[in-house]
A.B. asks: 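Dumping the structure here so I can ask a few things about it.
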Amino acid sequence: MIRSDVIIEINHAGQKGVTLRAIEALVFDKKSITNNVHIMEYDFYNPDRFFILSHDDIKSLPNFLNAKTTPTLDSIANKYSADYMVKTIMTDINHLEK
């Protein structure tokens, strides 16, 4: 993953949620080629980072691969980090116990 420039993600038909591959692309500052059109619904989506098969023009793939990416804001990327997810789960558990 560290040495890769691009992450390829092919989801099962009907899958809508964000996957670990998309999160990895985000936190490791990688480009992603995916068939998940629902990725556009997330706050971290950026068309210069995510190329969506069957949505984006396949002829623009070389331009996508060669273009620089816009850095994702830390405030957005941090929301998808393991630390943040654990903190959120622990906060939810604490609220349920009260």
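Along the sequence shown, residues are numbered consecutively beginning with 1. Excluded from the calculations below are hydrogen atoms, water molecules and symmetry mates; all remaining heavy atoms, backbone and side chain alike, are included.
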A.B. asks: Please evaluate residues I76 and Y42 with respect to the criterion side-chain contact (heavy atoms from CB on, under 4.5 Å), reporting the C-alpha separation (whole Å), side-chain torsions for both, the decisive distance (0.1 Å), and the verdict.
C.D. replies: CA-CA 10 Å; I76 293 174; Y42 289 88; over 6 Å; no
A.B. asks: Are L53 and I10 close enough that some pair of their side-chain heavy atoms sits under 4.5 Å apart?
C.D. replies: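 Touching, per the 4.5 Å side-chain cut-off.
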A.B. asks: Would a single hydrophobic cluster contain both L65 and F28, if residues Ile, Leu, Val, Met, Phe, Trp and Tyr are joined by side-chain heavy-atom contacts under 4.5 Å?
C.D. replies: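 No, it is not one cluster - the side chains of F28 and L65 are not joined through contacts under 4.5 Å.
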A.B. asks: Measuring from atom OG1 of T88 to atom CG of D83, what distance do you get when rounded to the nearest 0.5 angstrom?
C.D. replies: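 Rounded to the nearest 0.5 Å, the OG1-CG separation comes to 10.5 Å.
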A.B. asks: Is there a continuous path of hydrophobic side-chain contacts, each under 4.5 Å between heavy atoms, that joins I58 to V6?
C.D. replies: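 Yes; V6 is reachable from I58 via cluster members.
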A.B. asks: Would you check if Y45 and V18 make a side-chain contact, meaning some heavy-atom pair closer than 4.5 Å?
C.D. replies: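 Side chain of Y45 against side chain of V18, heavy atoms only: no contact under 4.5 Å found.
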A.B. asks: To the nearest 0.5 Å, what is the distance between CG (D56) and CD1 (I33)?
C.D. replies: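 Interatomic distance, D56 CG to I33 CD1, rounded to 0.5 Å: 10.0 Å.
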A.B. asks: If I compare all heavy atoms of T70 with all of R49, which pair ends up nearest, and what's the gap?
C.D. replies: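 What the structure gives for the nearest pair is O-NH2, 3.1 Å.
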A.B. asks: According to the interplanar angle, ranging from 0 to 90°, do the rings of F44 and F50 count as parallel (below 30°), tilted (30 to 60°) or perpendicular (above 60°)?
C.D. replies: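 Ring orientation, 0 to 90° scale: tilted.
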A.B. asks: Starting at CG of N35, measure out to CD1 of I52 and round the result to the nearest 0.5 Å.
C.D. replies: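 Here the rounded value is 9.5 Å.
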A.B. asks: Kindly indicate whether a cation-pi arrangement holds for K31 with F64, taking the cut-offs as under 6.0 Å to the six-membered ring centre and within 45° of the axis.
C.D. replies: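 Verdict for F64: a cation-pi partner in K31.
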A.B. asks: Atom CZ of R21 and atom CD1 of I39: how far apart are they, to the nearest 0.5 Å?
C.D. replies: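 Output value for this atom pair is 13.0 Å.
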A.B. asks: Which heavy atom of S60 sits nearest a heavy atom of F51, and at what distance?
C.D. replies: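 So the minimum-distance heavy-atom pair works out to OG-CE1, 3.5 Å.
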A.B. asks: What's the spacing between K79 NZ and L26 CG if we round to 0.5 Å?
C.D. replies: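 The CG atom of L26 is 10.5 Å from NZ of K79, to the nearest 0.5 Å.
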A.B. asks: I need the N78 CG to T72 OG1 distance, nearest 0.5 Å.
C.D. replies: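 N78 CG to T72 OG1: 11.0 Å, rounded to 0.5 Å.
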A.B. asks: Going through the checks in order, is the side-chain contact (heavy atoms from CB on, under 4.5 Å) test met by H38 and N11?
C.D. replies: CA-CA 11 Å; H38 299 282; N11 292 347; over 6 Å; no
